[in-house]
Q: 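Below is the structure I would like to discuss, written out as structure tokens.
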Amino acid sequence: MVMDNWITLSLTTKGPLNLKRTLETGHSSFPIPRSDKSGRYYFVITIPDSHKKVVCRVYQKGAKLIAEVSSYNEQLSENDLKALKKLLRKTFGLHLNMLEFYTEFKNDPIAPAFKHCVGVRLTCAHDHFESLISSILTQNSSIWKWVGQARRIKELMGDKFPTDHFMVYSFPDPQKLFRYKHLLKEAKLGYREEYVIKSTQDIANYQIRLDKLENIPTMEAKKVLLKLKGIGPKVADMFLLYGLGKIDAPPTDIWIQRGVSKIFFKGKEKSLEECREKLVERYGKWAGIAQLYMFDWIRSTSKK
DNA sequence: TCCCAGGGAGGAT
DNA sequence: ATCCTCCATGGG
């Protein structure tokens, strides 16, 4: 099928944007989307309210994000496009002005990270379930590995959307994933498979409602998430930040622990809890964003 | 309390 | 070529 009926949306933002760096840092909002030779990233997104699934491809043009949308033969209304635009703004963190953050902490020990990672945005899930499962997969793993696992789930159970370059897949909804759980072996999730199945079951049965967590305080939502099997404090924070956009939740893993211990405790190794508390105490509502920049900074400088 | 579950790359030997 | 290590969570 040849796709030539793309609708173009142009999204502006305040402050710098670096789309490639943002996506390839590997936030658990969704697995890193595939890109074509022109560097456009493809994914399937569901339009709020009308629930129409469309293929979207995005690229950066100056400080703007260009999103091209194809709905195949389905008509998109003005309201659809408006809702999609709003969702995409949140998905790529365009609603936050990073300059505010850089300015507020310009004399902070992590200020060098702003130069190093300038334009990195917080991505936020357009599909809560996909983000929750992705967060579970990140545990005890590396970016390339969990992204592979999440992509395999999509290929095994998602809806297929052909493009001129490759097939693009949606993430299955909880009911579908649970129904096809016998196929999960092929996704090679290792011992995380059990966590994925149990959590999926609780969500498919409406024991836990991810959508309801958006509007309750961060720590209350965290308590709910911790009831799910395979979700501990770190993974819960990842979903709060990258799934729900709660920017006061800093996921604290071994890298952040080392970084915080070095910067704020003169290198004396502190516990994960102490390091998380330090981030919240120091960065307040920006704690999650501080974590995002610290992570990218530490990882990119420790490779060399 | 410690140890293991599964995955696969990257570093050390 | 083979071994060791990394990494969150839960359970024995």
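We use all heavy atoms of the structure for the numbers below, so side chains are in, but hydrogens, waters and symmetry mates are not.
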Q: According to side chain to side chain contact (heavy atoms under 4.5 Å, CB included), who are the partners of A:H95, at least two apart in sequence or on a separate chain?
A: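 Applying side chain to side chain contact (heavy atoms under 4.5 Å, CB included) to A:H95 gives A:K90.
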Q: Could you tell me from which nucleotide to which nucleotide of DNA chain C, 5' to 3', there is an atom under 4.0 Å from chain A heavy atoms?
A: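 Counting from the 5' end, contacts occupy C:dC7 to C:dG11.
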Q: Restricting to salt bridge (Lys or Arg N to Asp or Glu O under 4.0 Å), what partner residues turn up for A:K227, sequence neighbours left out?
A: none
Q: Scan residues 93-113 of chain A for pairs that pass salt bridge (Lys or Arg N to Asp or Glu O under 4.0 Å), counting only residues two or more places apart or in two chains.
A: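 Output for this query lists A:D108-A:R282.
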Q: Looking across every strand, which nucleic acid part, if any, lies under 4.0 Å from A:R152 by heavy atom: base, sugar-phosphate, or nothing?
A: nothing
Q: From OH of A:Y195 over to C1' of B:dC4, roughly how many Å is that when rounded to an integer?
A: 11 Å
Q: Could you check whether the side chain of A:K145 and the base of B:dG7 have a donor-acceptor pair of N or O atoms closer than 3.5 Å, going by distance alone?
A: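 In this structure, the two groups form a donor-acceptor pair.
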Q: Look at A:E269 together with A:R258 and state whether they make a salt bridge at an N to O cut-off of under 4.0 Å.
A: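 Result for this pair is no, no salt bridge flagged.
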Q: Closer to the 5' end of DNA chain C via nearest nucleotide, is it A:K229 or A:T138?
A: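 With A:K229 and A:T138 compared, the 5'-side residue is A:T138.
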Q: Is A:L9 isolated, or which residues cluster with it under the ILVMFWY side-chain rule of less than 4.5 Å, directly or via members?
A: A:I7, A:L11, A:L17, A:L19, A:L23, A:F30, A:Y41, A:F43, A:I45, A:I47, A:V54, A:V58, A:L65, A:V69, A:L76, A:L81, A:L84, A:L87, A:L88, A:F92, A:L94
Q: Less than 3.5 Å apart, any donor N or O on the side chain of A:D36 or A:Y42 sitting next to an acceptor on the other?
A: yes
Q: Dot-bracket for DNA chain B: what is it, with Watson-Crick or G-U pairs under 3.5 Å, [ ] where a pair crosses earlier ones, and | for a pair to another strand?
A: .||||.|||||||
Q: Below 4.0 angstrom, N of the basic side chain to O of the carboxylate: do A:K176 and A:D159 qualify?
A: yes
Q: In whole Å, measure the gap between the C1' atoms of B:dT1 and C:dC6 for me.
A: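 My reading of the C1' atoms in B:dT1 and C:dC6 gives 22 Å.
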Q: Considering only NZ, NE, NH1 and NH2 on the basic side and carboxylate oxygens on the acidic side, decide whether A:K229 and A:E194 come within less than 4.0 Å.
A: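 Looking at A:K229 and A:E194, the cut-off is met.
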Q: Under a 3.5 Å distance rule, please check whether A:R40 uses its side chain to pair with a backbone N or O of A:A67 as donor and acceptor.
A: no
Q: Report the distance from atom CG of A:L137 to atom C1' of B:dG7, rounded to the nearest whole Å.
A: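 Between C1' of B:dG7 and CG of A:L137: 12 Å.
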Q: Using a 4.0 Å heavy-atom cut-off across all strands, classify A:L228 as base, sugar-phosphate, or nothing.
A: sugar-phosphate
Q: With heavy atoms under 4.0 Å as the rule, sort A:I231 into base, sugar-phosphate or nothing.
A: sugar-phosphate
